[in-house]
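Report on the structure given below.
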Amino acid sequence: MTSPLEQKKIRIAGPSVVTANRTWDGIVVYRTAAKSWSAELSEAAIVRNSDEARALLAEAVADDVGAIGPYIAPVQIGDDGKVLPGNLREQIRRTGVTIGQPAQV
Amino acid sequence: MYAYDEIDRTLVNERVSEFRDQVKRRLSGELTEDEFKILRLQNGVYLQLHAYMFRVAIPYGTLATNQMRALAHVARKYDRGYGHFTTRQNIQFNWIKLAELPDALEDLAKVGIHAMQTSGNNMRNVTSDQWAGVAPGEIEDPRIWSELIRQHTTLHPEFSFLPRKFKIAITASDHDRAAIKIHDIGLRLIKNEKGETGFEVLVGGGLGRTPFIAKTIKHFVHGRDILSYIEAILRVYNQYGRRDNIYKARIKILVHELGIEKFSREVEDEWQHIRNSSLQIDEEVIEDIRSRFTYPAYEKLPHMPDELRQAAADPDFEAWRKNSVAPHKVQGYSIVTISLKPTGGPPGDATAEQMDALADLADKYSFGEIRVGHEQNLALPHVAKRDLPALWKALDKLGLATPNVNLITDIIACPGLDYCSLANARSIPIAQELTRRFANHELANLIGRLHINISGCINACGHHHVGHIGILGVEKNGEEVYQITIGGRADENAALGTLIGPGVKFDEVADVVEDIVEAYLALRERPEELFMDTVKRLGVEPFKERVYATR
């Protein structure tokens, strides 16, 4: 769960995506292969080595109006090909808080 | 309550217009995020895990009921129906949309609320005792001086680009409820031997990565000189504070590295240049601010009304009264703390419905005034004792009568990894589990006063260093691990806690706290010996032994 703000070098150890927050409303989005953003992790472009990650991140950073704070996040690919968040932080970003929201309790 | 004047209203409205234009330019791409970031931060807008977070200031923790309703309105219209009261008398909304922020700010501006300087490297919200103006034995209402400093430092160009954020807290009571010793500047309102009002000034307190308890830099600064003295401190900080390393940029590091003697000499030199300038405060200025604080027309009421005597037969009411109700400076009245720590709930959260209902109750029972404390609870500052039973019943219906104020489940916790982009570990689920473990009120009462503070990262927004039991979440090999300290405190005898041993896993934290509490109950000499006193008497070893004997 090390904060991506502390990421210093781009070095990935497995399948990864580029994620950010959409500028106008702040929701979590993922960079797609079609050079746009999607709120669905399943639509994210998957990169598998550092060069690919660097290129995808550079492209995402260039889209400063679409989303802010892009960074590389690990994912896991299930046996069925389903893309899942690679750590707790990304799990929480994808599925929401783990505590229940007071207005819904 | 304090009545803003035309200057304040104009300032707040102009700020909204300015920010609306900035947001428009950001969304059109005219401003890059790099250019916009500092502007949004100066208006309290962060980017968190799920969305933007919007932090609104509640100066010195005082809210009128129309302001509380405006916060409820923002929660309902622009967010997800709730807000989170923080440890610095702010409220945060977690799901706000950037495009709608100007409208939210405009709605808040109508009731004199804003988000200026709730983030960024500037002077943050000046905080104070949530019992200000009503606490028995208080020297004077500290909010008068808080307001003076607020006015002087708001948008002050010299303090808008400090090396790092800067926080001031003020108390006027012997018992410090404002945690002044963990602030960049702490002010304790006192009288000198001539009976003149002034301040003991403390400097260099703070938590985070490198925690320090503030040191006294001057034992008495006359009230008329307080702005020039604060300005002298800020000038020395502005000149020598480190801008090359964010982790060493706070004033506490400068005070520590220079030493308090050298730092105070630098401040003294600077002060001599400016103390007899226009910064010297005329008594009329203070009187003008004082006159803008209005106090209720209290009735002459009995110390023990019949309503209270009769209600005392109800053990549930008594359980709540004993922990939630405090003496008031006026006979027949009480200060009521409202716990925002229900069993299983996130500490400090309130729904829009609760905020609206509390505003109604404050109108009915507290002369339209609500307070916010750094412990993430609220307070009604002027409740007639005869109304306590009716108020309790109404609060209970709203889920706001948990009788746990100052007990083990009255937990301070930061938002942690559930919301915060800086966090390494979750805080709120730990707090929720602990409130369930200690939900039995008789057990909590048996334990007595015990403060647990939880932070989800080293930045220490949950003030874990000064918790009687402090819990710090870190990350180790991709897992949440929690370090436990004991013996910290945030009051007039502020102290940093001591680490008891290796970190423990998420699922073990509540067990460890139970072990510590069981050790305390076994070790205390008598029921009146509080947890802190036992730790002070015996040190951490017996607790460490108990926790790690089987781990």
Side-chain angles (χ1 to χ4, degrees), chain A residues 1-8 12-14 16 18-30 37 39-41 57-58 60-76 84-105, chain B residues 23 26-34 36-37 45 47-53 75-76 79-84 94-100 342 344-346 349-354 399 415-426 428-429 431-432 456-457 473-475 478-480:
Chain A
M1 282 77 66
T2 297
S3 167
L5 303 177
E6 295 171 24
Q7 282 184 341
K8 291 187 173 65
I12 64 171
S16 300
V18 167
T19 182
N21 292 76
R22 195 160 64 192
T23 302
W24 77 270
D25 62 356
I27 68 159
V28 174
V29 288
Y30 303 93
W37 296 99
E40 299 299 325
L41 178 58
L57 182 62
V61 168
D63 181 11
D64 183 62
V65 179
I68 65 173
Y71 62 92
I72 297 161
V75 290
Q76 293 173 354
L84 299 167
N87 60 32
L88 178 60
R89 176 192 165 97
E90 294 308 320
Q91 174 72 38
I92 289 171
R93 286 182 79 240
R94 179 166 174 261
T95 56
V97 296
T98 64
I99 56 177
Q101 290 167 30
Q104 297 165 351
V105 173
Chain B
V23 169
R26 171 69 188 117
L27 293 176
S28 73
E30 195 182 328
L31 289 177
T32 65
E33 177 59 18
D34 279 350
F36 180 67
K37 186 176 177 182
V45 184
L47 181 68
Q48 296 290 33
L49 287 190
H50 311 280
Y52 292 98
M53 181 269 279
R76 194 177 286 118
D79 211 88
R80 293 195 181 175
Y82 67 99
H84 174 74
N94 295 300
W95 310 94
I96 212 101
K97 296 178 176 66
L98 181 63
E100 293 179 354
D349 281 10
T351 64
E353 289 68 32
Q354 287 175 325
L417 189 60
D418 280 291
Y419 293 99
C420 178
S421 62
L422 296 175
N424 301 120
R426 287 171 291 167
I428 296 171
Q432 290 174 305
C457 78
V474 298
E475 181 242 339
E479 279 194 38
E480 297 165 293

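First the proteins, then the strands, lettered A, B, ... as listed; each starts at 1.
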Less than 4.5 Å apart, side chain to side chain, heavy atoms only: is that true for [X] and [Y]?
| X | Y | value |
| --- | --- | --- |
| Y52(B) | T23(A) | yes |
| R26(B) | D64(A) | yes |
| Y419(B) | I99(A) | yes |
| L88(A) | R426(B) | yes |

**Message:** Rounded at 0.5 Å granularity, tell me how far CG in L49(B) sits from CD in E90(A).
**Reply:**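 Rounded to the nearest 0.5 Å, the CG-CD separation comes to 8.0 Å.
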
**Request:** Hey, could you give me the CG/CG distance between L417(B) and N87(A), rounded to the nearest 0.5 Å?
**Result:**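 Between atom CG of L417(B) and atom CG of N87(A) there are 8.5 Å.
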
**Item:** Pairs meeting criterion salt bridge (Lys or Arg N to Asp or Glu O under 4.0 Å) with involvement of residues 415-425 of chain B, two or more places apart
**Value:**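 Passing the test, one end in residues 415-425 of chain B: no pairs.
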
What part of [X] gets within 4.5 angstrom of chain A, counting heavy atoms only: side chain, backbone, both, or neither?
| X | value |
| --- | --- |
| L47(B) | side chain |
| E33(B) | both |
| Q48(B) | backbone |

**Prompt:** Taking R89(A) for the side chain and S421(B) for the main chain, is one N or O donor matched with an acceptor at less than 3.5 Å?
**Reply:**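 At least one qualifying donor-acceptor pair exists.
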
**Those residues that, when tested against E40(A), pass salt bridge (Lys or Arg N to Asp or Glu O under 4.0 Å) (two or more places apart)** =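 Not a single residue meets the salt bridge (Lys or Arg N to Asp or Glu O under 4.0 Å) criterion with E40(A).
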
**Item:** R22(A) versus chain B, the contacting section by heavy-atom distance below 4.5 Å
**Value:**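 Only the backbone of R22(A) comes within 4.5 Å of chain B.
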
**Request:** Considering only heavy atoms and a distance below 4.5 Å, find which of V28(A), I68(A), V65(A) pairs most often with chain B.
**Result:**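 That would be I68(A).
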
**Pair H50(B)-V97(A), side-chain contact (heavy atoms from CB on, under 4.5 Å): steps then yes or no** = CA-CA 9 Å; H50(B) 311 280; V97(A) 296; 3.8 Å; yes

